[in-house]
Amino acid sequence: MKIAVIADIHANLEALHAVLGHARAQGITKYVCLGDIVGYNANPHECLEEVRNLDLLGVVMGNHDAVACGRQSLVGFNPYAARAAEWTRSQLSDAEQTWLASLSFKQDIFIDSPITRFTIVHASLNRPEAWEYVFDTHEADVSMQFQWMPLCFIGHTHSPLAFERSLLETVGGVFNTVRFNPDHKYLVNCGSVGQPRDRDPRAAYVTYDLDHATIQLHRVVYDISTAQKKVIAAGLPEYCAIRLGTGR
Ligand code: ZN
């Protein structure tokens with residue numbers, strides 16, 4: 001069994017469609033979503049509908065989701081992110097905001113084929129609601145002190161990174177494939193579907209092969225220029241469109 005882990009879609013429907021098509025072509029039918037379904041780009045309503053129609057094993061709230069449903073304030077948002085967040089909130093129906101507000105900050109997932117268990121959280125496990133960033137082994141260590149499962153998937157930084165913790169040390173960095181050592185713990189950031197920031201503008205997501213205990217990072221080409229045109233046409237900040245082209 002293989003599942004797809006998607007994060008930080010950020011209302012980019014072109015990127016989401018490309019990723020879902022790529023996953024389906026591998027026979028994937030089950031998904032996990034790490035939050036920030038909305039914010040920054042022009043199709044929050046459509047992306048919410050697509051995600052809610054997936055066969056989801058789990059989904060957690062991101063900081064942009066929390067603002068879009070009124071569960072948190074704009075504190076910590078830079079001016080252009082705040083403008084995009086306010087626009088997003090104005091687009092969503094009461095029912096969509098209620099659904100977003102119902103999401104939890106973290107979720108433990110159990111699959112018994114054989115027995116696989118992992119945790120999902122948008123930002124970090126030490127303080128999920130504080131939206132801290134995990135970029136290096138020290139920050140990964142802080143989060144993993146609160147990780148009871150052998151594996152945790154995170155998003156939020158929009159940069160794919162994998163960390164591995166043994167009794168002696170935590171190591172990690174950019175990755176293509178992670179093969180599990182059953183005695184170690186793993187913290188995996190699956191990158192961003194809709195707004196990559198690692199200088200690669202292609203959409204990112206990972207697949208988790210439960211039978212072979214491996215995680216694979218995928219990069220998917222999508223129609224960036226259509227997504228950019230929609231951002232401009234919606235009156236969203238121009239920088240939201242520019243950064244899609246540079247992957248930053
Ligand atoms: Zn995000």
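Note that ligands are numbered from 1 as they come in the structure, with each ligand's atoms numbered from 1 the same way.
- Of all heavy-atom pairs spanning Val60 and His122, the tightest one is CG2-N, 3.9 Å.
- Note on ring orientation: taking the six-membered ring where Trp is involved, the planes of His156 and Trp131 are tilted (angle from 30° to 60°).
- Within a 6.0 Å radius of CG in Asp55, other residues, nucleotides and ligands contribute more than 12 heavy atoms.
- Taking the six-membered ring where tryptophan is involved, the planes of His64 and Tyr40 are tilted, since the angle between them lies from 30° to 60°.
- Of all protein atoms, those that are N, O or S and lie under 2.8 Å from the Zn ion (ligand 1) total 4.
- Annotation: cation-pi geometry not satisfied between Arg197 and Phe135 (NZ/CZ under 6.0 angstrom from ring centroid, within 45° of ring axis).
- Donor-acceptor pairing under 3.5 Å is recorded for the side chains of His10 and Asp36.
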